[in-house]
**Q** 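A single structure is presented below for examination.
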Amino acid sequence: MKIIPVGHSLSLFLLVSYFLCVGWGSVTPSSLHMHPAWQDLLPGFEFGTLTGFLIGLVESYLYGWYIALLFVPLFNFFNRNSSA
């Protein structure tokens, strides 16, 4: 596995999920909102503000890279050892 494609893929996956959740929150009643979860996972995120939205956007993308930087080397290590 290569880190760059996995990093971009995971980051875009999290961005799409973030957009869907923010969009969901903007069209549904407050009892169905996901923004309390985003506020716990994304420091600085505030629902309904441009600054909060942009912070969430950047942090979602960076979380994808964080996962890729940990997952890909671990996967490659265990994949290499299991084929022997």
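In this text, all values refer to a predicted model and were calculated from it rather than measured experimentally.
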**Q** To check you understand the geometry: which heavy-atom pair defines the closest contact between Pro43 and Tyr63, and what is its length?
**A** CD-OH, 4.4 Å
**Q** Could you check whether Phe53 and Tyr18 have their ring centres less than 6.0 Å apart?
**A** yes
**Q** Please give me the minimum heavy-atom distance between Pro73 and Ala68, naming the atom from each residue.
**A** CD-O, 3.8 Å
**Q** Shortest non-hydrogen contact from Leu14 to Gly64?
**A** CD1-N, 3.5 Å
**Q** Please report the shortest heavy-atom distance between Gln39 and Glu46, naming the atom on each side.
**A** NE2-CA, 4.2 Å
**Q** Applying the 4.5 Å side-chain criterion to the ILVMFWY set and letting contacts propagate, would Met1 and Leu70 be lumped into a single cluster?
**A** yes
**Q** Do the side chains of Leu20 and Leu10 join up, straight or via other hydrophobic residues, at under 4.5 Å, putting them in one cluster?
**A** no
**Q** Does Val72 share a hydrophobic cluster with Leu69, counting links as ILVMFWY side-chain heavy atoms below 4.5 Å and allowing steps through other members?
**A** yes
**Q** How many angstroms lie between atom CZ of Phe45 and atom CG of Leu54, to the nearest 0.5 angstrom?
**A** 11.0 Å
**Q** For the residue pair Trp65 and His8, categorise the inter-ring angle as parallel (less than 30°), tilted (30 to 60°) or perpendicular (more than 60°).
**A** perpendicular
**Q** In this structure, would Leu62 and Leu57 fall into the same cluster of hydrophobic residues linked by side-chain contacts under 4.5 Å?
**A** no
**Q** If two hydrophobic side chains count as joined below 4.5 Å and joins carry through other members, does Leu12 share a cluster with Ile3?
**A** yes
